[in-house]
Amino acid sequence: MTNRRSLIRRWITLLAVVGGLAGCVVNPVTGKRELAIVTAQQEVQLGTQNYLPMQQSQGGVFRLDATVNDYVRRVGNRVAAVSDRDLPYEFVVLNNSVPNAWALPGGKIAINRGLLHQMQSESELAAVLGHEVVHAAARHSAQQMQRGMLLQVLVLGTAVVTSDSDYGQLATGAANVGAQLLSQSYGRRAELESDLYGMRYMHAAGYDPEGAVDLQETFLRLAQERGRTGAEFDLFASHPPTQQRLATNRITAAELTAGQSGGMIGRDEFARAMVVLRETKPAFDAYDEGRKALAAKDFSAARRFANKAIRLEPREASFYALLGDAEFLQEDYADAQRHYTDALDRDATFFYYHLQRGITRQRSGAIDAAVVDLTNSLRLFETAPAHYALGQIAKQRGQRDAALAHFERAGTGSGEMAIAAQTEMMQIDLGSNPEKYLQVRGGTDGQGQLLVQIANPTAVPVRGLQINIRYLDSNGQVRSLSRTLNGTLAAGQSTTAATGLGPFQDPSQFEVRLTAAQIAR
C-alpha cells in the first residue's frame with residue numbers, strides 16, 4: 001500500500017509539473033487540438049534568433065545574383081499568403097551545393113543553391129517552399145521541441161520526488177533543445193501533412209500540384225544516386241523520400257485538379273530566373289572538387305580547381321577563400337591573407353572570410369588587424385576558433401578576464417580546440433579557482449570514517465590536488481587540516497581518498513574544500 005501511495009504521489013507531482021508548462025491549442029493547419037508548451041511568440045523568437053546563424057553555418061546567402069533570391073522570395077511569399085497561419089515568413093537562398101531546404105519555427109525558410117539545380121519549374125519550387133511553409137505553420141519543429149522537452153520534464157518530474165537521484169544535467173539539457181532544431185528528422189506524419197497541405201497551398205496560390213509529384217520523383221532519384229555514390233544529402237535526413245509519398249502526392253494532385261488544368265507550371269519563368277545559377281554551375285562544380293581535394297590534403301589539386309572556378313566566375317568570393325585555405329594549411333600566411341582579402345572584397349557578409357583572415361593576421365603578428373577581423377567574424381557568427389584566437393591575444397596582452405571569457409566560450413563542446421581552450425583557461429585560472437573545474441565532496445563509509453572524492457570532468461589531466469577539511473572533533477571544537485593527494489587525476493576520472501578522520505554521525509560535522517591543483521604536464 002505504501003508503494004502504491006508513493007507512486008500515486010509521484011504521478012500527481014509529475015502531472016502538476018507538466019500541467020504548469022503546457023496548454024492545448026488548435027493547430028491552424030490541421031484543425032486538431034494539440035499540446036502546446038512552446039508558445040507562438042516563442043516560436044517566432046526562436047526562428048528569428050537562429051535564422052542568421054543558421055545561414056552563416058551553411059555557407060551564407062547566395063549573393064552572386066540577387067535575381068535568384070528575389071525570385072525565390074516572390075514565389076515563397078505567394079505560397080505563404082494562402083497559408084493557414086500568419087507568420088513573419090522569410091525566404092533565402094544559401095550558397096551551398098547540397099540539395100536541401102529547411103524551415104525554422106516562426107516561418108524562417110531557406111533553400112540551397114544545390115536544390116534549385118535539381119528543379120525544372122516554378123511549380124516544383126512552389127512545392128518545396130509550400131512544404132516548408134507547412135512545417136512552420138503546423139508547428140512541426142515546435143512539436144519536435146516539445147517532445148524533447150516533455151522527456152526532460154518527465155525525468156525532472158521523477159527527480160522532484162526522488163531525492164536520491166541526480167537528474168540535474170538532464171533537466172538543464174532541455175534548455176538547449178533550440179540548438180538542435182535542424183538536426184532532428186521529421187516524423188512520417190509530419191512529412192505527409194506537409195506534402196498534403198503544401199500541395200493545397202501551392203494549388204490555392206495558382207500552381208499546378210503536379211510540381212510536387214515531379215519533385216518527389218527527383219528526390220527518389222537523388223536518394224538512389226546517394227545510395228550508389230555514398231554522397232550525403234541533408235535533405236534526406238530530415239525529409240526522407242519514399243514510394244508511398246510519391247503515390248500519395250499523385251492521388252492528392254488528382255483530387256485537387258479533378259481532371260482539369262492544374263494551374264501554373266512556370267518552366268520558362270524558372271529558367272529565366274536561374275540563368276546565372278545555371279551558367280555558374282561549372283564554376284561551383286570545380287569549387288566543390290577543390291574542397292574535396294583540400295580535405296584530402298592534395299593542395300596542388302585544390303589550387304588548380306580553385307583557379308579554374310575563378311576563371312569561370314571571378315566574382316564569387318568563396319573561390320578565393322578556397323585558395324586562401326590551401327595556402328593557410330601550408331602556413332603560407334602572406335598569400336593566404338591576400339586571398340581572404342580578395343574574398344572579403346567580393347562579400348563581407350560571410351563570417352568565414354573574416355575569421356580566416358583574422359587567424360592569418362594573428363599568426364603573422366598583425367595583432368590589431370587580427371582583433372578587428374576576429375571581432376567582425378563573431379558579430380556574424382560565434383565560433384570556437386575566433387574565441388580561441390582572441391583568448392590567445394588577450395592572454396598575451398595580460399588581459400586575464402577577457403582571455404578567460406574567450407577561452408570559456410571556445411572550450412564548450414568537444415574536439416581538439418575545446419581541449420586546447422580548456423587547457424588555456426585552466427593554466428590561467430586553476431590555481432585560483434580549482435573548484436570551478438574540479439568537483440570535490442566528502443562522505444562517510446560504513447564505519448563513519450570520512451572519505452573525500454575528487455572528480456575531474458575536464459579534458460585536462462591534473463595533479464597536486466590539495467584539500468582542506470574543517471570538522472568538529474569529539475569535544476565539539478572546530479579543527480582544520482590539509483592533505484595533498486599524490487599522483488595524476490586523468491581527464492574524465494575521479495579518485496577517492498581516506499582521511500583517517502571519524503567516525504562522523506552527520507554530514508554537518510565536516511566540510512571539504514579543494515584549495516589547490518595544477519595541470520599535469
Side-chain angles (χ1 to χ4, degrees), residues 52-63 94-96 287 290-291 294-295 297 299 302-303 306 309-310 315-425 427-428:
L52 292 179
M54 288 306 303
Q55 293 174 28
Q56 291 285 319
S57 73
Q58 297 181 45
V61 177
F62 179 68
R63 298 190 180 278
L94 300 183
N95 195 16
N96 192 315
Y287 168 79
R291 279 283 160 205
L294 192 69
K297 295 186 173 9
F299 302 115
R303 291 190 191 92
I310 290 170
R315 298 173 298 166
E316 172 55 36
S318 62
F319 302 163
Y320 298 90
L322 174 56
L323 279 177
D325 289 346
E327 305 300 345
F328 179 86
L329 290 174
Q330 293 190 292
E331 299 183 4
D332 184 348
Y333 298 132
D335 278 347
Q337 181 176 326
R338 176 169 56 83
H339 293 310
Y340 293 134
T341 298
D342 288 339
L344 283 164
D345 287 343
R346 288 158 177 80
D347 181 8
T349 67
F350 188 40
F351 85 96
Y352 184 75
Y353 312 145
H354 295 281
L355 171 65
Q356 290 298 98
R357 190 174 72 173
I359 295 175
T360 303
R361 284 175 162 174
Q362 177 206 11
R363 296 186 182 182
S364 302
I367 302 302
D368 290 339
V371 170
V372 172
D373 278 340
L374 294 167
T375 302
N376 285 337
S377 80
L378 286 177
R379 290 194 183 103
L380 292 166
F381 188 56
E382 281 207 58
T383 63
H387 279 298
Y388 184 77
L390 286 169
Q392 288 181 311
I393 292 170
K395 179 182 175 181
Q396 292 168 0
R397 290 176 167 176
Q399 300 167 344
R400 181 180 184 277
D401 291 344
L404 283 174
H406 284 300
F407 286 137
E408 187 168 7
R409 298 303 293 270
T412 59
S414 59
E416 292 182 4
M417 180 154 291
I419 294 173
Q422 290 173 22
T423 303
E424 292 275 13
M425 186 166 52
Q427 284 176 345
I428 297 171

message: Tell me the closest heavy-atom pair linking Ala403 and Lys395, and the distance in Å.
response: CB-N, 3.7 Å

query: With a 4.5 Å heavy-atom cut-off, do Asn95 and Phe350 have their side chains touching?
result: no

Validation: residues 325-332 side-chain donor-acceptor distances under 3.5 Å, sequence neighbours left out:
{"unit_1": "Asp325", "atom_1": "OD1", "unit_2": "Tyr340", "atom_2": "OH", "d": "2.5"}
{"unit_1": "Asp325", "atom_1": "OD1", "unit_2": "Tyr352", "atom_2": "OH", "d": "2.9"}
{"unit_1": "Asp325", "atom_1": "OD2", "unit_2": "Arg291", "atom_2": "NH1", "d": "2.9"}
{"unit_1": "Asp325", "atom_1": "OD2", "unit_2": "Arg291", "atom_2": "NH2", "d": "2.7"}
{"unit_1": "Asp325", "atom_1": "OD2", "unit_2": "Tyr352", "atom_2": "OH", "d": "2.9"}
{"unit_1": "Glu327", "atom_1": "OE1", "unit_2": "Arg303", "atom_2": "NH2", "d": "3.4"}
{"unit_1": "Glu327", "atom_1": "OE2", "unit_2": "Arg303", "atom_2": "NE", "d": "2.8"}
{"unit_1": "Gln330", "atom_1": "OE1", "unit_2": "Arg303", "atom_2": "NH2", "d": "2.2"}
{"unit_1": "Asp332", "atom_1": "OD1", "unit_2": "Asp335", "atom_2": "N", "d": "3.3"}

message: Are the side chains of Ser318 and Tyr353 in contact, using a 4.5 Å heavy-atom criterion?
response: yes

Distance, nearest 0.5 Å, that separates NE2 of His354 from CG of Leu378: 11.0 Å

query: Hey, does Arg400 have a side-chain heavy atom less than 4.5 Å from the side chain of Leu404?
result: yes

task: Compare every heavy atom of Ala384 with every heavy atom of Ala410, then report the nearest pair and how far apart it is.
output: CB-O, 3.5 Å

message: Looking at every non-hydrogen atom in both residues, tell me the closest pair between Ala302 and Gly290 and how far apart they are.
response: CB-O, 3.7 Å

message: Give me the atom names and distance for the closest heavy-atom approach of Gln422 to Gly411.
response: NE2-O, 3.0 Å

- request: Before giving the answer on side chain to side chain contact (heavy atoms under 4.5 Å, CB included), spell out for Gln55 and Val61 the whole-Å C-alpha distance, their side-chain angles and the decisive distance to 0.1 Å.
  value: CA-CA 7 Å; Gln55 293 174 28; Val61 177; 3.3 Å; yes

- prompt: Do side-chain atoms of His406 reach the backbone of Ala389 as a donor and acceptor pair under 3.5 angstrom?
  reply: no

- request: Output every pair passing ring pair (Phe, Tyr, Trp, His ring centres under 6.0 Å) with a member in residues 362-383, not counting sequence neighbours, ordered by first then second residue.
  value: Phe351-Phe381

statement: Heavy-atom nearest pair, Leu294 first then Phe299, reads CD1-CD2, 3.9 Å

- prompt: Rounded to the nearest 0.5 Å, how far does OG of Ser57 lie from CD of Glu382?
  reply: 13.5 Å

- request: State, yes or no, whether a side-chain contact exists between Leu374 and Leu355 at a heavy-atom distance under 4.5 Å.
  value: yes

query: Can you find a heavy atom in the side chain of Arg346 that is under 4.5 Å from one in the side chain of Arg315?
result: no

field: Heavy-atom side-chain proximity of Leu94 to Phe62 below 4.5 angstrom
entry: no

field: Pair Ile428-Phe407, side chain to side chain contact (heavy atoms under 4.5 Å, CB included): steps then yes or no
entry: CA-CA 10 Å; Ile428 297 171; Phe407 286 137; 4.0 Å; yes

Ion pair Asp368/Arg397, N-O distance below 4.0 Å: yes

message: Going by side chain to side chain donor-acceptor pair (under 3.5 Å), name the residues that satisfy it together with Thr423, two or more places apart in sequence or in a different chain.
response: none

query: Can you tell me how far the CG atom of Asp342 sits from the CZ atom of Arg357, to the nearest 0.5 Å?
result: 10.0 Å

Stepwise side chain to side chain contact (heavy atoms under 4.5 Å, CB included) check, Ile359 with Gln356: CA-CA 5 Å; Ile359 295 175; Gln356 290 298 98; 4.1 Å; yes

task: Using modelled atom types only, decide if a donor and an acceptor are shared between the side chain of Gln56 and the backbone of Thr349 within a distance under 3.5 Å.
output: yes

task: Could you grab the distance from atom CE of Met417 to atom OG1 of Thr383, nearest 0.5 Å is fine?
output: 8.5 Å

- prompt: Is there a donor-acceptor pair closer than 3.5 Å between any side-chain N or O of Asn96 and the backbone N or O of Gly59?
  reply: no

Nearest atoms (heavy-atom pairs only) where Asp373 meets Gly358: CB-CA, 3.5 Å

